[in-house]
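Just so we're clear, the structure is a prediction, and the values are computed from it rather than from any experiment. Both counts, for ligands and for their atoms, begin at 1 and track the order of listing.
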Amino acid sequence: LSASEWQKQSIYQILTDRFARTDGSTTAQCAITSYCGGTYKGVINHLDYIQGMGFTAIWISPIVKNLEGDTPYGTAYHGYWAQDIYSLNENFGTEQDLIDLSAALHARGMYLMVDVVTNHMGYNGCGNCVNYSQLKPFDNSGYYHPFCEINYSDDNSVRTCWEGDNKVSLPDLRTEDSGIRDTFAKWIKDLVAKYSIDGMRIDSVKHVEKDFWPGFLQAAGIYGIGEVLDGNPAIYNDWQKYMKGLMNYPLFYWVQQTFSNPSATMDNLVNGINTMKGQADTTALGVFIENHDQKRFPSLTSDMTLAKNAIAFTMLSDGIPILYQGQEQHYAGGDTPNQREALWTSGYNTKSELYQLVTTLNQVRNHTLSARNAEGGYIKYQAWSVYSDQHVIAMRKGDVIGIFSNRGSNANTYQINLASGNSGYAAGEQVVQVLGGDCSVITADGNGGLNVNVGRDPVVLYPASELKGSGLCGN
Ligand code: ABC
Ligand code: CA
């Protein structure tokens with residue numbers, strides 16, 4: 001799938017070991033550092049849950065065979081400790097199971113994104129005691145940089161030293177060598193073909209030289225969203241020259257900081273958005289507020305209202321929205337590995353408040369692909385802040401306006417004015433508040449300006465004339 005096709009999708013991030021089991025159990029225990037039994041078959045059986053929320057694609061954990069057995073950090077249930085890139089991790093199922101998952105997705109018009117790691121392999125032991133013969137196909141020390149621990153303030157060290165530590169070391173590949181580049185190019189091409197993969201999440205991008213990536217992406221022939229874990233636009237944005245699709249980490253930090261704390265002001269977020277808008281193609285990025293590496297948002301605040309605002313903000317931002325499994329159930333795990341809870345204990349509850357909110361948000365976004373935004377009007381439009389005060393920000397993207405507050409559940413309602421010219425609406429145009437079953441209609445004034453009541457929850461405005469067929473507010 002190409003970049004412009006991916007921009008229309010919304011992605012649900014699955015931790016394969018923790019999403020669904022083949023036996024469909026909702027009571028199986030999950031010891032947080034062990035394999036818990038999630039499988040591709042389990043995913044196939046629960047695609048309704050994901051599609052019912054409006055997602056059009058899934059991102060699954062790395063698929064290749066990992067080191068086996070227990071380590072001081074537990075097993076390789078997350079999939080980032082590769083041992084053999086030519087075999088699958090059998091804990092998740094067989095080759096046929098993965099082919100079946102891909103086919104099941106495609107039969108629904110959905111897409112498969114696979115997590116891939118080219119920076120390193122994994123070894124259960126210290127950096128200087130690796131038994132390289134266990135690693136396939138890179139089976140001797142000549143394929144690797146010498147062991148050293150990363151010093152994050154030194155770029156060269158970030159590229160050539162080893163992620164991981166002396167308990168589980170992650171032997172760092174000489175990705176600058178043409179032999180290794182050729183091996184990975186052929187590997188990804190074959191993998192994409194064999195499993196009909198539509199997109200990649202690419203791990204540890206900043207730990208590999210920038211000029212590795214264009215060739216790798218070209219060999220894959222599909223879109224990739226890379227992980228450059230850096231919140232500083234000055235460093236982050238340069239990576240977009242080598243890989244258009246990246247996880248939007250700068251935005252992640254601003255959204256987290258702003259919406260988790262009612263006493264934070266909107267300043268950082270507003271400034272951040274303006275900075276990114278000028279420097280990056282934000283419409284090509286993946287947007288998220290949670291993933292398997294970060295503390296979950298509800299671990300920072302239990303306020304449901306704030307979670308709603310943070311989720312609505314990210315899902316209606318520029319780029320491809322990515323929801324991490326469990327967000328829709330208001331899971332609250334903190335640091336690694338605690339944010340990796342099994343989803344099945346929620347009973348896959350489709351009535352939960354956030355499952356419902358996410359469903360509506362996906363309806364909004366998916367509907368912008370039809371009607372007057374059909375030619376990418378919404379997708380290509382870089383959202384901008386048409387209003388902000390200390391605790392409220394209104395973002396316009398195409399003809400959708402989202403209004404988000406960090407005032408929390410104690411806030412009272414007040415009225416804000418979206419100036420004519422900013423709203424983009426016509427004089428006298430009717431717009432509908434589509435979230436939370438509100439569905440009230442607001443009429444723009446003679447110049448297209450708008451008065452909107454803002455309480456605790458996010459507000460999303462959609463032109464009334466465009467709602468037909470959206471599934472929103474009875475349409
Ligand atoms: C295991 C245990 C942990 C234990 C750790 C030492 O070992 O589970 O409990 O603490 C996989 C597993 C992990 C495992 C690791 C190491 O391997 O999932 O459970 O941890 O064995 C990716 C994946 C991630 C994966 C790997 C490795 C890479 O998403 O799941 O981990 O394949 C760095 C990397 C990034 C990596 C991340 C976990 O670590 O760059 O690729 N993620 C700074 C650095 C970042 C760094 C981050 C780590 O710290 O700049 O590069 O990420 O916390 C902002 C700044 C940022 C700054 C943050 C902290 O602050 O702008 O730059 O990030 O303001
Ligand atoms: Ca490296």
Side-chain angles (χ1 to χ4, degrees), residues 13 15-18 32-34 59 61-62 64 66-67 70-83 115-127 138 143-177 180-181 184 200-213 225-237 239 246-257 268 272 286 288 290-295 322 324 333-340:
Q13 181 193 351
L15 219 57
T16 307
D17 182 56
R18 307 283 161 92
I32 204 77
T33 60
S34 304
W59 149 22
S61 303
V64 302
N66 271 226
L67 65 81
D70 211 13
T71 78
Y73 300 119
T75 66
Y77 67 90
H78 43 69
Y80 293 97
W81 296 339
Q83 190 173 66
D115 205 324
V116 297
V117 188
T118 65
N119 177 62
H120 54 260
M121 305 292 280
Y123 188 75
N124 185 6
C126 78
F138 309 113
Y143 289 108
Y144 300 88
H145 296 125
F147 173 68
C148 46
E149 287 191 62
I150 294 178
N151 164 9
Y152 275 99
S153 54
D154 172 4
D155 282 351
N156 189 51
S157 167
V158 170
R159 282 191 297 272
T160 58
C161 290
W162 295 22
E163 278 192 74
D165 57 19
N166 268 318
K167 294 180 188 151
V168 177
S169 56
L170 305 184
D172 196 77
L173 284 156
R174 292 181 54 92
T175 40
E176 66 275 26
D177 290 354
I180 291 193
R181 289 187 179 192
F184 271 126
M200 305 173 284
R201 181 271 188 185
I202 307 176
D203 187 65
S204 300
V205 166
K206 73 185 216 186
H207 298 277
V208 176
E209 331 67 59
K210 286 176 175 162
D211 65 6
F212 173 88
W213 296 115
I225 303 186
E227 181 214 22
V228 172
L229 207 172
D230 200 305
N232 180 357
I235 296 169
Y236 175 90
N237 287 334
W239 286 92
L246 294 172
M247 295 293 165
N248 196 338
Y249 257 107
L251 186 65
F252 160 81
Y253 285 110
W254 297 317
V255 171
Q256 182 189 72
Q257 175 254 328
N268 282 345
F288 63 96
E290 291 182 22
N291 65 33
H292 62 297
D293 287 338
Q294 305 296 336
K295 291 180 167 66
I322 305 175
Y324 173 48
D335 275 321
T336 303
N338 299 314
Q339 75 284 61
R340 300 173 178 181

Nearest candidate to atom 11 (C) of ligand 1, where distance is taken over non-hydrogen atoms, out of Y80, Y73, Y77, Y249: Y80
Hey, what's the ring geometry for F252 with F288, parallel, tilted or perpendicular (30° and 60° as the breaks)? parallel
Atoms of ligand 1, numbered as shown, that sit under 4.0 Å from any heavy atom of H78: 12 (C), 18 (O), 19 (O)
Kindly identify the option in H292, Q294, H207, R340 whose heavy atom sits closest to atom 40 (O) of ligand 1. H207
Interatomic spacing from CZ in F212 to OG1 in T118 - rounded to 0.5 Å: 4.0 Å
Which value, rounded to the nearest 0.5 Å, describes the distance between L67 atom CG and N124 atom CG? 6.0 Å
Less than 4.0 Å from atom 48 (C) of ligand 1, is there any heavy atom belonging to the protein? no
Report the distance from atom CG of L246 to atom CG of D230, rounding to the nearest 0.5 Å. 11.0 Å
Mark yes when over 12 heavy atoms from residues, nucleotides or ligands other than K167 sit less than 6.0 Å from its NZ; otherwise mark no. no
Does K167 come within less than 4.0 Å of ligand 1, judged by its heavy atoms? no
Side chain proximity check, Y80 to H292, heavy atoms < 4.5 angstrom: yes
the protein heavy atom lying closest to atom 61 (O) of ligand 1 turns out to be G231 N, 2.8 Å
Tell me the protein heavy atom at minimum distance from atom 24 (C) of ligand 1, and give that distance in Å. D293 OD1, 3.2 Å
Just how far is it from atom CD of Q339 to atom CD1 of I32, taken to the nearest 0.5 Å? 8.0 Å
Which residue owns the protein heavy atom closest to atom 28 (C) of ligand 1, what's the atom, and how far is it? D203 OD1, 3.2 Å
Heavy-atom pairs closer than 4.0 Å: do any link ligand 1 to the side chain of V117, the backbone, both, or neither? neither
What residue and heavy atom of the protein are closest to atom 60 (O) of ligand 1, and at what distance? Y253 OH, 3.6 Å
Does a salt bridge link R181 with D211, judged by any charged N lying under 4.0 Å from a carboxylate O? yes
Under 4.0 Å from atom 9 (O) of ligand 1, do we find at least one protein heavy atom? yes
Only heavy atoms of E163, strictly under 4.0 Å: list the atoms of ligand 1 that pass. 26 (C), 27 (C), 28 (C), 34 (C), 35 (C), 36 (C), 41 (O)
Numbered in order shown, the ligand 1 atoms found under 4.0 Å of a heavy atom of H120 are 27 (C), 32 (O)
Within this structure, what is the CD-CD distance for the pair Q13 and E290, rounded to the nearest 0.5 Å? 10.0 Å
Rounded to the nearest 0.5 angstrom, the OH-NZ distance for Y236 and K206 is 11.5 Å
Any heavy atom of R201 closer to ligand 1 than 4.0 angstrom? yes
Look at atom 17 (O) of ligand 1 and say which protein heavy atom is nearest, naming residue and atom and giving the distance to 0.1 Å. W81 NE1, 3.3 Å
Salt bridge (Lys or Arg N to Asp or Glu O under 4.0 Å), that's the test. Do R340 and D293 meet it? Break it down for me. CA-CA 9 Å; R340 300 173 178 181; D293 287 338; 3.3 Å; yes
Identity of the nearest option to atom 42 (N) of ligand 1, non-hydrogen atoms only, from E227, M121, M247: E227
So is Q257 in contact with ligand 1, going by heavy-atom distances below 4.0 Å? no
Could you tell me, atom by atom, which parts of ligand 1 come under 4.0 Å of a heavy atom of D165? 6 (C)
Does the plane of the ring in Y249 sit parallel, tilted or perpendicular to the ring in Y253? Use 30° and 60° as the thresholds. tilted
Do the rings of Y152 and H207 sit parallel, tilted or perpendicular, given the 30° and 60° boundaries? perpendicular
Please state which protein non-hydrogen atom is closest to atom 52 (O) of ligand 1 and give its distance, to 0.1 Å? L229 CD1, 3.2 Å
If I consider every N, O or S atom in H207, which one ends up closest to the Ca ion (ligand 2)? I only need its name. O
So, the side chain of T160 versus the backbone of H145: is there a donor-acceptor pair under 3.5 Å, distance only? no
Which protein non-hydrogen atom lies closest to atom 51 (O) of ligand 1, naming both residue and atom, and how far is it? K206 NZ, 2.6 Å
Quick one: look up the protein heavy atom nearest atom 33 (C) of ligand 1 and list residue, atom name and how far away it is. Y152 OH, 3.4 Å
OD2 (D172) to the Ca ion (ligand 2) to OD1 (N119): angle, nearest 10 degrees? 120°
Suppose we only count N/O/S atoms under 3.0 Å; would R159 qualify as near the Ca ion (ligand 2)? yes
